[in-house]
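Read through the structure below, which is laid out as C-alpha cells, and then see the notes.
Quick caveat, the model's predicted, so the values are computed rather than measured. Only heavy atoms go into these numbers, but all of them, side chains included; no hydrogens, no water, no symmetry mates. For this chain, numbers begin at 1 and follow the sequence in order.
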Amino acid sequence: MVAAERKTDLTTSRNRRVHTARNFWAGLLFGAGMFSVIEQSIFHFFLQWHHFYEGNGPQAILTGEGIYQVIGWGLTVLSLWVAVDLARRKAFWPARFSGSALIGGGVLLLFDSLVFRLLLGLHTIRATGELIFYESLWLGTAAFLFLLGWSVLRNASKDAA
C-alpha cells in the first residue's frame, strides 16, 4: 500500500513538472476571467460607477456589458476545462494555479486601467470624485495582486524543487 501511494506521488510530481506551463496559463485565464466577472458585478452592476462602454445610449452600454460578461465567463470556463484535464492527468498544481490566477487578476485590472480607460477612453472608473485617487487605488490593487501572485508562484516552485 505504501509503495502504491509513493508511486502516485512521484507520478503527480513528474506530471506537474511536465504540465507546469498549462497550470500557469489555466490559472492566469481563470484569474482574468473571474476578476472581470467580479469587477463587473461590483463596479458596473451594484455600485454603477461605470460601464464597459459609456457612449451612444443605453443600447450600446448594454451591448458592451454583455460582451464583457461573455468574455469573462468564457475565460473562466476555458480555464476550468484545462484545470479539470490537468486533474485527470494527475498534473493539477493548486499553488501554481492560484498564484497565476492572482497574477491574471492583476493583469486584468492593469489592462482595464491602462488600455480601456486611459488609451481607448471607453469609460472612466467613476464620473464623480477625485479621479486620480480611484485610478491610483485601481493600479495599486493591480500591483498588489500581481506581486502576491508572483510570491505564491515562487513558493510553489521552491516546494517542487
Side-chain angles (χ1 to χ4, degrees), residues 12-13 15-56 58-126 134-160:
T12 300
S13 178
N15 289 351
R16 284 181 177 176
R17 282 192 310 273
V18 169
H19 296 287
T20 298
R22 286 187 72 202
N23 274 284
F24 175 81
W25 285 104
L28 192 79
L29 293 175
F30 181 78
M34 280 309 298
F35 272 89
S36 73
V37 170
I38 291 168
E39 184 262 336
Q40 188 176 35
S41 297
I42 293 171
F43 295 103
H44 297 218
F45 297 141
F46 296 133
L47 296 175
Q48 295 185 7
W49 280 8
H50 64 263
H51 300 286
F52 181 71
Y53 175 67
E54 296 174 343
N56 299 333
Q59 188 63 39
I61 290 172
L62 193 58
T63 301
E65 294 295 334
I67 291 169
Y68 190 49
Q69 191 76 250
V70 166
I71 290 170
W73 280 112
L75 291 174
T76 303
V77 169
L78 175 65
S79 69
L80 291 175
W81 179 71
V82 173
V84 166
D85 183 58
L86 288 167
R88 185 184 57 79
R89 296 171 187 258
K90 295 184 178 18
F92 183 68
W93 195 344
R96 189 156 184 83
F97 183 87
S98 300
S100 58
L102 290 168
I103 290 173
V107 167
L108 173 88
L109 295 181
L110 182 67
F111 191 81
D112 179 43
S113 189
L114 297 178
V115 175
F116 292 145
R117 284 200 295 277
L118 298 178
L119 184 65
L120 298 176
L122 293 179
H123 63 265
T124 58
I125 192 164
R126 189 161 187 207
Y134 292 110
E135 283 295 341
S136 299
L137 187 61
W138 199 263
L139 290 171
T141 303
F144 173 75
L145 289 172
F146 188 88
L147 293 173
L148 181 62
W150 180 69
S151 175
V152 170
L153 276 179
R154 282 184 44 141
N155 289 335
S157 297
K158 288 178 186 175
D159 290 342

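Considering CG of L139 and CG of L110, their distance stands at 6.5 Å, rounded to 0.5 Å. With rounding to the nearest 0.5 angstrom, the CG atom of L102 is 6.0 Å from the CZ atom of F35. The CG atom of L78 sits 7.0 Å away from the CH2 atom of W81 when rounded to the nearest 0.5 Å. Note that CG of L120 and CG of L114 are 11.0 Å apart. Values are rounded to the nearest 0.5 Å. Taking CG of L147 as the start and CD1 of I103 as the end, the distance is 9.0 Å to the nearest 0.5 Å. Summarising the geometry, atom CE belonging to M34 is positioned 5.0 Å from atom CH2 belonging to W73; distances are rounded to the nearest 0.5 Å.
Aromatic ring pairs are classed by plane angle as parallel below 30°, tilted from 30° to 60° and perpendicular above 60°; the pair F97 and F30 is tilted.
When all heavy atoms of S100 and G27 are compared, the pair lying nearest together is OG-CA, 3.2 Å. Nearest heavy atom pair, residue V82 against residue A26, reads CG1-CB, 3.8 Å. Of all non-hydrogen atoms in S113 and E135, the two that sit nearest each other are OG-OE1, 2.6 Å. Shortest non-hydrogen contact noted between L108 and Y68 is CD2-OH, 4.2 Å. Taking both residues in full, the closest heavy atoms of L109 and W138 are given as O-NE1, 3.2 Å, listed atom of the first, atom of the second, then distance. The minimum heavy-atom distance between F92 and A83, with the atom names listed, is CE1-CB, 3.8 Å.
Judged by distance alone, with hydrogens and angles left aside, the side-chain atoms of R96 form a donor-acceptor pair with the main-chain N or O of T20 at under 3.5 Å. Remark: the backbone N or O of T76 is paired with a side-chain donor or acceptor of S79 at under 3.5 angstrom.
Taking 4.5 Å as the limit, every side-chain heavy atom of R88 sits out of range of all side-chain heavy atoms of V84.
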